[in-house]
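Comments concern the structure below.
In what follows, every chain begins at residue 1, and chains take the letters A, B, ... in the order their sequences are listed.
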Amino acid sequence: MSLRLYDTRSRTKRIFEPLVDGEVGIYVCGITPYSPSHIGHARQALAFDIIVRWLRYSGFKVNHITNFTDIDDKIIAIANEEEIDFLEVANRNIDDYFEVMSLMNVLPADAYPRVTETIPEIISMIDKLISNGNAYQSSDGVYFEIDSAPEKYGQLTGQTLEMVQEGAGGRVTETGSGKKNHRDFALWKSAKENEPSWDSPWGKGRPGWHIECSAMSLEYLGEKFDIHGGGSDLIFPHHEAEIFQSECCLNHEPVVQYWIHNGMINVDGEKMSKSLGNFWTIRDAISKVHPLELRYCLINAPYRQPVEFNDVMLEDSSNHYQRLISTYGQGLSLCDKGSWKNSDFLESANINFSNGMNDDFNTRVAIVEVQSVVKYLKEQIENDNIKEISASISWLSDFAGGILGLLPDDEIILKEIEKNNQAKSAVADLVNDLLNQRKIARDSKNWDRADQIRNELNEMGVIVEDSPSGPIWRLE
RNA sequence: GCAUGGGUGGCAGAGUAGCUAUGCAGCGGACUGCAAAUCCGCGGACCUGGGUGCAAAUCCCGGCCUGUGCUCCA
């Protein structure tokens, strides 16, 4: 089954055919680092992390570029408020981004270009747009003139120029600036007081929001590239603007072969937003659960769907994750990884998993397959079937680990188990002594005393479970 | 208003025509002094009105509801 992905421009799932055989160039719009990253950023990063992992697994050589918009109104405002340099604000939030992404097992992109390091390329692109007759200089900057390429309007949103004119309810009728037309958008903003700025043929200023991505994708991926991604909230105006800029500058279309967009996050049925008070940063979430539990939660729905996020969902994911990790760890401590290719069960799990991923990266279908292999592994552990245990952990390592990114390194898992065993042996004598007392109490049907001992153990963090072959205990 | 997605059991969420999705929760059972864990089993859904088909959650038409975008936003 070949890979199909949903392309926003054609509004259908299309079979993926790269421009260059065996290679993929993918550009993903990254964050504006004006505050610590929130779970919407996490969802986006995770979606594209898995997309890139799957493309690589499928044999493509992938060049993955994600940018940082490290100059912007909000960054400047915060810097002025704190009386520090704007780059300090950007850098501290970029550091935060890298840190939390790494905790969630997000593989780094191949490059992270920044606006402030791309100024010459941006200027030359604007220059080209002016000489092509697509942009004009005015009193407060340089603007792209939509009327110079009206046929390009609405390729992603399906809207036409007329629709926007009629439908916007008067909100956008005034230009309020040096624009010729309210639909035009800024390529270069002339510097105001107390603003960082760069020299340009049009005076001191800074780039408009959209031009950076056109310039950076051109620089890193060339005049045509395969995939452009980002959050669905960027479709308009940001990605529409990119189409105008890139295609008019380069004189060909399409520059981007496939546009893909991830869905937003809802919290308790409402859009997550600061004003509603239902806002989660990534650090909020990972103070409650393990970062990989958060990862599990955010990839549990296909990337295009809005995802429901709340405490219940987090807890649910946490249970699933614990089940995966503990079963995998058990298997890992029993034997080495072997090959899963000779196991009928695992081979069919492979087919289901791959079909799901090839159908527009359906991680939900993939996770169902992981769950079924976890169940299978438990059975094999029960039956002491070393060959299948070995094959199953290998399968999980490849798919749950390698593709979905849900497993920490084996050494970490084994070290955890080892640590837990040490902690257990440190209290073993004490626990066994109490369990003996409990046994005596139970033998004489002194249930009150037996339960009292079990409660004491609970308070020590020891969980006791009676099994047919005697009590089993573990640490919380 | 315009555009673009979506409406599946208590919850999350697959499924583009015929065969149990799955997980959590619930119920019943096994095992238990009890509890927990585990295992087995069960029930329960396809927004609505038409249409096409031997057969529709799945295709077509209408209606209703809803998310998102139209302003900075992953």
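- Note on Tyr6(A): a side-chain N or O is less than 4.0 Å away from OP1 or OP2 of G5(B).
- The nucleotide G33(B) finds no pairing partner, because no Watson-Crick or G-U wobble arrangement with both distances shorter than 3.5 Å includes it.
- Considering only the side chain of Asn362(A), A14(B) comes nearest among G67(B), A74(B), A14(B).
- Rounded to whole Å, the distance from CD on Glu240(A) to C1' on U71(B) is 15 Å.
- Base pairing of G62(B): its partner is U48(B), meeting the Watson-Crick or G-U wobble criterion (both donor-acceptor distances under 3.5 Å).
- Separation of the P atoms belonging to G9(B) and A3(B) is 29 Å when rounded to the nearest angstrom.
- Contact check of residues 88-116 of chain A against RNA chain B (heavy atom, cut-off under 4.0 Å) returns no residues at all.
- For His290(A) and Tyr321(A), the distance between ring centers is under 6.0 angstrom.
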remark   = Nucleotide by nucleotide, nucleotides 16-35 of chain B touches protein heavy atoms under 4.0 Å in the pattern (B base, S sugar-phosphate only, - none) -----BBSS--------BBB
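- Among the atoms of the strands shown, base atoms are found under 4.0 Å from some heavy atom of His38(A).
- With C1' as the reference atom, C47(B) and G6(B) are 12 Å apart, rounded to whole Å.
- In this pair, Trp259(A) and His239(A) present their aromatic rings tilted. The plane angle is within the 30 to 60° band.
- Taking atom P in both U22(B) and A45(B), the straight-line distance is 15 Å, to the nearest Å.
- The separation of C61(B) from C24(B), taken at their P atoms, amounts to 39 Å, rounded to a whole angstrom.
- Of the inter-residue distances, the one linking Met272(A) atom CE with Ile265(A) atom CD1 reads 5.5 Å to the nearest 0.5 angstrom.
- Using a cutoff of 4.0 Å between basic side-chain nitrogens and carboxylate oxygens, Asp284(A) and Lys288(A) are not scored as salt-bridged.
- In G53(B) the O4'-C1'-N dihedral to the base is within 90° of 0, which defines a syn nucleotide.
- Rounded to the nearest 0.5 Å, atoms CG (Leu475(A)) and CH2 (Trp473(A)) are 5.5 Å apart.
- Using cut-offs of 30° and 60° for the angle between ring planes, the Tyr303(A) and Phe48(A) rings count as tilted.
- With both ends at atom C1', the span from G63(B) to G7(B) equals 14 Å, rounded to whole Å.
- If you look at Tyr220(A) and Tyr27(A), their ring centroids are not closer than 6.0 Å.
- For the P atoms, the distance linking A57(B) with G5(B) amounts to 24 Å, nearest Å.
- When the C1' atom of C11(B) is taken as reference, atom CD of Glu315(A) falls 13 Å away, rounded to whole Å.
- Comment: Asp96(A) engages Arg283(A) in a salt bridge, judged by a side-chain N to carboxylate O separation of less than 4.0 angstrom.
- Taking atom NE2 on His239(A) and atom C1' on A3(B), their separation rounds to 18 Å, with Å as the unit.
- Note: Phe244(A) CZ to Ser148(A) OG = 8.0 Å, rounded to the nearest 0.5 Å.
- The aromatic rings of Phe98(A) and Tyr112(A) lie perpendicular to each other, with more than 60° between the two planes, well past the 30° mark.
- Of the residues near RNA chain B, Leu156(A) and Ser232(A), the one whose nearest nucleotide (by heavy atom distance) lies more toward the 5' end is Leu156(A).
- The nucleotide A21(B) finds no pairing partner, because no Watson-Crick or G-U wobble arrangement with both distances shorter than 3.5 Å includes it.
- Both Glu379(A) and Gly30(A) sit near RNA chain B, but only Glu379(A) has its closest nucleotide nearer the 5' end.
- Rounded to an integer number of Å, the gap from CG of Asp311(A) to C1' of C11(B) is 15 Å.
- Between Asn300(A) atom CG and A12(B) atom P the separation is 12 Å, expressed in whole Å.
- Contacts of Ile235(A) with the nucleic acid, taken as non-hydrogen atoms under 4.0 Å apart, are absent.
- Met264(A) comes within contact range of at least one nucleobase, with a heavy-atom separation under 4.0 Å.
- For G62(B) and U68(B), the P atoms lie 25 Å apart once the distance is rounded to whole Å.
- Across all strands shown, Gly40(A) has heavy atoms under 4.0 Å from base atoms, whether or not it also approaches the sugar-phosphate.
- Searching all strands for a Watson-Crick or G-U wobble partner of G28(B) with both distances below 3.5 Å returns C40(B).
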task = Using the salt bridge (charged side-chain N to carboxylate O under 4.0 Å, His left out) rule, take Arg4(A) and Asp359(A) through it: C-alpha gap first, then chi angles, then the decisive distance, then the call.
result = CA-CA 5 Å; Arg4(A) 297 189 312 149; Asp359(A) 182 16; 3.1 Å; yes
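- Pairing of C72(B), defined by two Watson-Crick or G-U wobble distances under 3.5 Å, is not identified with any nucleotide.
- Salt bridge status for Arg114(A) with Asp70(A): present, with a side-chain N to carboxylate O gap under 4.0 Å.
- Rounded to a whole angstrom, the distance from the P atom of G41(B) to that of U4(B) is 47 Å.
- No engagement by Pro237(A) is indicated, since no non-hydrogen atom pair under 4.0 Å with the nucleic acid exists.
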